[in-house]
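Reading through the structure tokens given below for one structure.
Here is the naming used below: chain letters follow the sequence lines, and residue numbers restart at 1 for every chain.
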Protein chains: 2
Amino acid sequence: MQSIATRSPPGSKGQETAKRVRKAALKRFAGAGYAAVSMREIAADVGVRPGALYNHFPTKQDILKDLMLTHMADLLVAWDTAQFPAAMDPLERFVRFHIRYHLERADEVFISYMELRNLEPDNFEIIEAERRRYEAILTSILHEGSAAGRYSVDDPKVATRAIIAMLTGIPTWYREGGHLGEHDVEDLYLTMVRKAVASETRKFQAETG
Amino acid sequence: MQSIATRSPPGSKGQETAKRVRKAALKRFAGAGYAAVSMREIAADVGVRPGALYNHFPTKQDILKDLMLTHMADLLVAWDTAQFPAAMDPLERFVRFHIRYHLERADEVFISYMELRNLEPDNFEIIEAERRRYEAILTSILHEGSAAGRYSVDDPKVATRAIIAMLTGIPTWYREGGHLGEHDVEDLYLTMVRKAVASETRKFQAETG
DNA sequence: CTTGAAAATGAATGAACGTTCATTTATAGA
DNA sequence: TCTATAAATGAACGTTCATTCATTTTCAAG
């Protein structure tokens, strides 16, 4: 007796081609923009004729939707399951997590920001809701830290947008092998973020473990 | 005897149509993205047939190039000619200038950031050079202020990118008539930027009037 | 009013687009 | 080996695209 979950349908190659389509579309969309990429180009990257793409995705729009929805869902799951030293404060957790995740998934992040306007309204709303959920995490950290006197933030929502914009800009200039390592970047930004929200009477902490 | 400079050629409507083309293309490119906008749409906005556009711009690409080159040149001229109270410190000048300019010209800014990848290499290089010139203004402010002990910035180039990303993100969420006025936003961001680059021993300045 | 050049028209061009579909090929289970 | 189904093919569909061009219209200067 065999488990249903592990049985592959006849004629199937699993989801291998679909994965390759996602990967090729991700690269192309990130590089040239959704509207400038043709199904023919994606098919050529995958090594298949254009028509074959439609065995895996009903339309080009659905490929974009799949990439963006998956990305936002993954982002929130990654935050929920991220492991940090117990002593690390929430703001440091968020900054390090955000930088790491966004450097690891530069293409996904880029697409999810740049191609929002190419999403149909329903899908746009889903993505926006996820984005708001993610921003709410930082807002809550700032709000609670502010209430406890650990930070001084005039407007936690504005500060959230400011910090996230600052951090999300990193992949536009950071390159592996440059004179700054990923850890250096984390430390530099963490210092700036901490100072930006610091209580006015508080000493800044230069060392960042 | 009449001045050559003021004589209009016969049959000409001055540069009126060209201006309308720029304006329509700006709105369309900002709204839907360069690749998703057709010459037919631009022509319809202008109130002219598609072929007429080619009396003013040789190709669609040239419209984009014109918009982006003009924007970057205008930005640098605006900085050079901006008027500020004599007592205002350079960092405050830059922050207020950047926010004002980017809120005033949201469409131009958006295009110059989003459509870089649709520029031909030569034009891309020109735009990038202008962007570097603009960033160098802030880097220099941070560098000199740091040397003078007014700020404490570990890496002026990284801080420049962080600050500019933070400020440039404002037009993505700021809306006129919201609960924050433009001046409120300036003050909030100025406070965060000042704190982010503050010397560690320095008291923050809360009032920004 | 005439002239001449700029601007706009209307029609057309070939190319590229997303997508469809009847048919063939590949493959895993019986 | 046979069967059933997924996957891929190859060709085509109608549409839209940026661009071209001969012709017509517009209009300031003479």
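- The pair D89(A)-R194(A) meets the salt-bridge criterion, since a charged nitrogen lies less than 4.0 angstrom from a carboxylate oxygen.
- Taking the six-membered ring for Trp, Y101(B) and W79(B) have ring centres at least 6.0 Å apart.
- Note: CD1 (I42(B)) to P (dT19(D)) measures 10 Å, nearest angstrom.
- The side chain of Y54(B) lies closest to dT19(D) when the candidates are dT19(C), dG18(C), dT19(D).
- Using a 4.0 Å heavy-atom criterion, one finds that V46(B) contacts no nucleic acid atom at all.
- OP1 or OP2 of dG10(D) sits under 4.0 Å from a side-chain N or O of R49(A).
- When the side-chain nitrogen and oxygen atoms of H56(A) are compared with OP1 and OP2 of dA6(D), none of them lie within a distance under 4.0 Å.
- Across the protein-nucleic acid pair, F57(B) atom CZ and dA18(D) atom C1' stand 16 Å apart, rounded to whole Å.
- Between the CD atom of E41(A) and the P atom of dT19(C) there is a distance of 14 Å, given to the nearest Å.
- Per the geometry, CG belonging to L53(B) stands 18 Å off P belonging to dA6(C), to the nearest Å.
- Rounded to an integer number of Å, the gap from E16(B) CD to dT26(D) P is 15 Å.
- Looking at R40(A), its side chain has no donor and acceptor atom pair within 3.5 Å of the base of dA16(C).
- For Y134(A) and H98(A), the gap between ring centers is short of 6.0 Å.
- Using a 4.0 Å cut-off, some side-chain N or O of S38(B) falls inside it from OP1 or OP2 of dC17(D).
- As rounded to whole Å, 14 Å separates atom P of dT9(D) from atom CE of M39(A).
- R20(B) places its CZ atom 13 Å from the C1' atom of dA8(C), with the value rounded to the nearest Å.
- Although no hydrogens or angles enter the test, the distance criterion places no donor-acceptor pair under 3.5 Å between the side chain of K157(A) and the main chain of E135(A).
- In this structure, D74(B) pairs ionically with R105(B), as a charged nitrogen and a carboxylate oxygen lie closer than 4.0 Å.
- Using a 4.0 Å cut-off, some side-chain N or O of T17(B) falls inside it from OP1 or OP2 of dA8(C).
- Of the listed nucleotides (dT9(C), dT19(D), dT19(C)), dT9(C) has the atom at the smallest distance from the side chain of A52(B).
- Judged by distance alone, with hydrogens and angles left aside, N55(A) brings a side-chain donor or acceptor within reach of the base of dA8(D), the pair sitting under 3.5 Å.
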